[in-house]
Amino acid sequence: MEKQTSFVLQGNIIYTPDKDHFVSLKDGYLVIENGRITAISAQKPADYSSLPLKECSGKLIMPGFADMHLHAPQYIQIGMGMDDQLLDWLDQYTFKEEPKFADPNFARKIYPLLVDELANCGTTSAAIFATIHKESTDILCDTLAQKGLRAYVGKVNMDTNSAPALTEDTEQSLADTEAFIQKWQKHDLVKPIVTPRFVPSTTAKMMTGLGKLAQEYHIPVQSHLSENPGEIQLVKELFPEDKYYMSVYERFGLFGQTPTLMAHCIHLSDEEIDIMAKRKVYAVHCPASNLNLASGLMPTRKLLNAGVNVALGTDIGGGHTLYMPHEIVRAIEISKIRSLYHPEETPLKLCEAFYLATKAGGAFFGQTGSLEAGCSADFLITDIPDFQQDRTVEEQLQYFIYHGTAQDIREVYVNGRSIKKQTI
Ligand code: GUN
Ligand code: FE
């Protein structure tokens with residue numbers, strides 16, 4: 001990891017301070033001091049002449065991406081079982097693959113590959129599900145910390161309706177989760193997040209214990225919500241006394257009592273959407289996964305209009321790519337398809353989808369995901385081909401998002417430290 005975290009960076013700068021605007025500077029300057037952005041200016045900042053200058057003329061500088069929902073163990077099953085829908089796919093693939101992570105040596109082999117690919121794809125922050133296994137989950141955290149990525153990591157909890165190899169003893173699972181929280185809660189980059197897999201795989205006793213842990217230690221929560229009609233029906237059968245799927249999480253202290261991420265949130269009534277907005281629960285839209293598992297078309301515009309915080313996630317292995325620009329494009333495409341059938345739901349603009357993939361998710365970690373003064377210096381430096389040099393910076397970003405690849409991402413920084421460097 002590079003030590004130097006104070007410097008001045010020059011290049012074509014672009015970010016979204018809010019969801020409706022890009023701010024861009026051609027040949028602008030970012031001042032980075034102790035891993036934070038302290039100034040941004042169009043001219044070379046005279047006050048900082050003592051800091052080294054990193055010149056990146058003709059390159060694009062943008063915030064790193066926040067992948068707010070992915071399953072680390074499912075790196076090994078990407079692309080498999082995509083002819084099935086959620087519940088069959090979980091039974092046929094996921095619940096057969098995840099037990100492999102009971103072996104720490106297997107985790108040691110796989111997790112570095114995932115973490116390297118995340119950094120290479122320009123993901124600087126991530127909210128990650130591990131597995132039920134405490135040792136492997138620690139290995140994932142160690143790997144992320146060593147790489148220098150910013151992450152929330154969850155030891156997954158499951159004590160019912162699962163394959164025998166993934167069914168935990170409730171007390172042991174809660175004890176393991178508490179030990180995991182205690183181990184990682186003070187780390188500056190890699191932090192614990194309470195992670196019941198989803199309502200069908202956790203008993204009331206488990207959820208009661210997890211809600212207590214989240215509140216006692218002030219730890220955020222992540223899970224899945226209203227992804228698939230069969231899943232929603234199953235939750236109704238398991239918890240008939242609760243009005244909505246989300247009411248189950250809410251009752252157990254797992255829905256906005258501490259900051260909460262809920263993946264998918266596709267099939268919601270207007271009242272449920274309002275509850276999410278009131279409780280400030282994030283909906284994490286996972287476009288590729290929703291298409292692969294034929295889960296549905298996320299009504300992103302409707303959620304945004306209702307004031308729900310929306311972020312983006314890859315959801316590998318439901319999703320098949322770790323490269324967030326593909327998810328940005330897919331989120332826009334899905335919103336365009338929805339607008340054909342629901343004209344009041346206007347399609348997402350690129351600045352909105354880019355915002356969801358950077359500042360919206362980044363906000364879950366504090367001041368990250370933007371290039372404003374005060375934000376952590378989490379950013380990417382990407383190539384722009386010669387034939388695009390005379391475009392506006394916004395056009396250069398459009399080209400990169402739609403046509404760029406991970407190879408075009410030359411450098412990746414978290415807290416002003418380089419975590420990927422390609423030599424040309
Ligand atoms: N719901 C419960 N577990 C999972 C999972 O692993 N992936 C997805 N997409 N949905 C889930
Ligand atoms: Fe998921």
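Counting starts at 1 for both ligands and their atoms, in listed order.
- Donor-acceptor pairing under 3.5 Å is lacking for the side chains of Gln74 and Tyr93.
- One finds no salt bridge joining Asp176 and Lys155 here, because no Lys/Arg side-chain nitrogen approaches an Asp/Glu carboxylate oxygen to under 4.0 Å.
- Residues forming a salt bridge (charged side-chain N to carboxylate O under 4.0 Å, His left out) with Lys302 (at least two apart in sequence, or on another chain): Asp270.
- Between Arg251 and Glu241 there is a salt bridge, since at least one side-chain N of the basic residue sits less than 4.0 Å from a carboxylate O of the acidic one.
- With respect to Lys243 and Glu271, a salt bridge is recorded, a charged nitrogen being found less than 4.0 Å from a carboxylate O.
- Atoms of ligand 1 found under 4.0 Å from any heavy atom of Asp315, numbered from 1 in the order shown, are 8 (C), 9 (N).
- For ligand 1, none of its N or O atoms has an N or O atom of Trp89 under 3.5 Å away.
- Aromatic ring orientation, His264 versus His69: perpendicular (interplanar angle above 60°, classes split at 30° and 60°).
- At a heavy-atom distance under 4.0 Å, only side-chain atoms of His264, from C-beta outward, approach ligand 1.
- In terms of protein heavy atoms, atom 3 (N) of ligand 1 is closest to Arg197 NE, 2.8 Å.
- The proximity of Phe95 to ligand 1, defined as any non-hydrogen pair under 4.0 Å, does not occur for either the backbone or the side chain.
- The minimum distance between the Fe ion (ligand 2) and any N, O or S atom of His71 involves atom NE2.
- When each of Thr124, Asn415, Ile419, Val190 is paired with Arg150, the side-chain contact (heavy atoms from CB on, under 4.5 Å) condition holds for Asn415 and for no other.
- Set against the non-hydrogen atoms of Phe198, the atoms of ligand 1 under 4.0 Å away are 1 (N), 2 (C).
- The angle His224:NE2 - the Fe ion (ligand 2) - Asp315:OD1 amounts to 180°, with values rounded to 10 degrees.
- Between atom 5 (C) of ligand 1 and the options His69, Gln77, Glu98, His71, the minimum heavy-atom separation is to His71.
- Using cut-offs of 30° and 60° on the angle between ring planes, the pair Phe354 and Phe22 is tilted.
- For atom 10 (N) of ligand 1, the closest non-hydrogen atom on the protein side is Glu227 OE1, 2.7 Å.
- Listed by number with element, the atoms of ligand 1 under 4.0 angstrom from any heavy atom of Leu86 are 8 (C), 10 (N), 11 (C).
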